[in-house]
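Right, one structure below, let's go through it.
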Amino acid sequence: MTEKLQLNPNAPRQSARSTPTGVYSRPSDGGGFSIEVIAAALTVVWLLGSVIFFMVLPSDEASDSGAGLRVLMTMLAVVMPVGMIWVAAIAARSSRVMREESKRLQTAIDAIRQAYIAQQQGQSPGADATVARKLDEIAAAARKTESTLATFHSRRDAPTRLAPLKPVVVDDQPALALGTSAADMTQPLSHEDFIRALNFPETAEDTEGFSALRKALKDRNASQLVQASQDVLTLLSQDGIYMDDLVPDRARPEIWRQFAQGARGRPIAALGGIRDRSSLALTSARMKQDPIFRDVAHHFLRRFDRAFAAFEAEASDADISALTDTRTVRAFMLLGRVAGTFD
């Protein structure tokens, strides 16, 4: 495989919502003042106005009880509006969060409905020909492993479904003198580069990320996991599922070690920390309806199982914690929960 990395020059221009953070990153929100900034500004304005007002207000002679009542009324006049400002700010922020969540749920419901309709319409004589054509496209893509890295693009919306790339395993490596294979001459992949490669480059200018990816693709076991992860993340991004959107619950390193040592089911249930309902619903629906996606997902889970078992034997708790923050591990948590690995 060539070591020259470049973005696809024929990729379409980015849409208004896209960002050059990589194919698996969610674009950042637009600019503008946040609700907290506006509330803080109103608070400062009110406090300054109150200070100026009470400094200008002439002081009158009053009894001790009248002076105490005046101080109390003054404090209420200053503090109450500030409290109202922040209550309104919190209510506005909660309303915005609820609207965004409602939109995402509606999008998920629409996607599931469209997938169901497409499945019903696919019950036609031409469905077999479509599946055969897709399988031919996968076979053709597997013979072009040099174009693997060209799939890194920053466009969020995918107008057509890309066939996932299948890794090509070459067993007949050239033998060197005294029976030494070419794989034995390569430098072992460090834990830092392995972790960085599984998170994939952030942008086109992420030189460290691309360097770690090159090193991982030279390692036989790591390259198989990287390519399987790339296939899964590309397919998930077509449904609007991005790993940067997912905030999973953190599991302790000892639970990950139990998984590496063969534990399954309830003892490792904490590893299924993905709680995003729309992502789980979309992934589950596609796992049931799309046989290509199902095969790619199970292939990825098998590769991750083998690679993580080898990684855990030599990794520290800090290395395992760092690995769990990568996009690849988040994809494993999502697919593992859908596939019932943690049940």
Side-chain angles (χ1 to χ4, degrees), residues 11-12 14-19 21-30 96-124 126-127 130-131 133-135 137-138 151-165 200 228-248 272-301 327-343:
Q14 296 179 355
S15 62
R17 298 182 57 190
S18 63
T19 180
T21 56
V23 62
Y24 313 122
S25 302
R26 170 178 283 277
S28 60
D29 295 334
R96 185 178 65 181
V97 171
M98 292 299 295
R99 287 196 303 269
E100 292 176 353
E101 182 67 16
S102 178
K103 290 180 181 179
R104 293 192 63 185
L105 290 177
Q106 185 61 41
T107 302
I109 294 173
D110 293 341
I112 295 174
R113 184 184 298 111
Q114 293 175 4
Y116 176 77
I117 294 174
Q119 182 186 21
Q120 295 299 322
Q121 294 177 350
Q123 305 292 334
S124 61
T130 302
V131 174
R133 185 169 61 254
K134 289 184 178 181
L135 294 176
E137 292 175 357
I138 295 174
T151 59
F152 288 99
H153 54 84
S154 59
R155 184 171 177 83
R156 179 179 174 80
D157 53 336
T160 57
R161 174 167 295 184
L162 301 178
L165 298 178
F200 294 95
S229 175
Q230 178 188 348
D231 293 343
V232 165
L233 295 180
T234 301
L235 292 176
L236 289 174
S237 67
Q238 294 172 4
D239 287 337
I241 303 175
Y242 294 84
M243 299 302 103
D244 292 347
D245 295 341
L246 305 180
V247 184
I274 300 297
R275 308 297 179 187
D276 188 85
R277 290 174 295 177
S278 61
S279 298
L280 288 171
L282 288 171
T283 305
S284 178
R286 190 167 183 184
M287 183 80 80
K288 295 176 181 178
Q289 300 170 3
D290 190 343
I292 296 178
F293 177 82
R294 184 167 56 250
D295 292 342
V296 172
H298 285 298
H299 174 75
F300 165 73
L301 292 175
R327 296 187 178 104
T328 297
V329 173
R330 293 184 183 183
F332 164 74
M333 292 179 180
L334 176 64
L335 294 174
R337 186 170 180 184
V338 171
T341 304
F342 313 122
D343 296 337

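Every value quoted in this text rests on a predicted model; they were computed, and no experiment measured them.
To the nearest 0.5 Å, the span separating CD1 on Ile112 from CD on Gln289 amounts to 8.5 Å. With values rounded to the nearest 0.5 angstrom, Arg104 atom CZ is found 5.5 Å from Asp245 atom CG. Between Thr283 atom OG1 and Ile241 atom CD1 the span is 3.5 Å, to the nearest 0.5 Å. To the nearest 0.5 Å, the span separating CG on Leu105 from CD on Glu100 amounts to 12.0 Å. The line from CZ of Arg277 to OG of Ser284 is 15.0 Å long, rounded to the nearest 0.5 Å. We find the CG-CG distance between Leu335 and Leu236 to be 5.5 Å, quoted to the nearest 0.5 Å.
Residues satisfying the side chain to side chain contact (heavy atoms under 4.5 Å, CB included) criterion with Ile109, sequence neighbours excluded, are Arg113. For Arg275, the side-chain hydrogen bond (donor to acceptor under 3.5 Å, both in side chains) test picks out Asp249, with sequence neighbours left out. In terms of the side chain to side chain contact (heavy atoms under 4.5 Å, CB included) criterion, Thr107 has no residue partners (sequence neighbours excluded). Annotation: ring pair (Phe, Tyr, Trp, His ring centres under 6.0 Å) contacts of Phe342 (sequence neighbours excluded): Phe332. Taking the side chain to side chain contact (heavy atoms under 4.5 Å, CB included) definition, one finds that Gln106 meets it with Asp110, sequence neighbours left out. Applying the side-chain hydrogen bond (donor to acceptor under 3.5 Å, both in side chains) criterion to Thr328, with sequence neighbours excluded, gives Ser229. Every residue two or more places apart in sequence or in another chain was checked for a side-chain hydrogen bond (donor to acceptor under 3.5 Å, both in side chains) with Thr341, and none qualifies.
Nearest heavy atoms, Met243 versus Ala331: SD-N, 3.5 Å. Considering all non-hydrogen atoms of both residues, Ala297 and Val232 come closest at CA-CG2, 4.2 Å. Closest approach of Phe200 to Arg327, counting heavy atoms only: O-NH1, 3.5 Å. Taking every heavy atom of both residues into account, Leu282 and Ala108 meet most closely at CD2-O, 3.9 Å. Summarising the geometry of Leu301 relative to Ala339, their closest heavy-atom pair is CD1-CB, 3.9 Å, with the distance given to 0.1 Å.
A donor-acceptor pair under 3.5 Å is formed between the side chain of Arg330 and the backbone N or O of Leu246.
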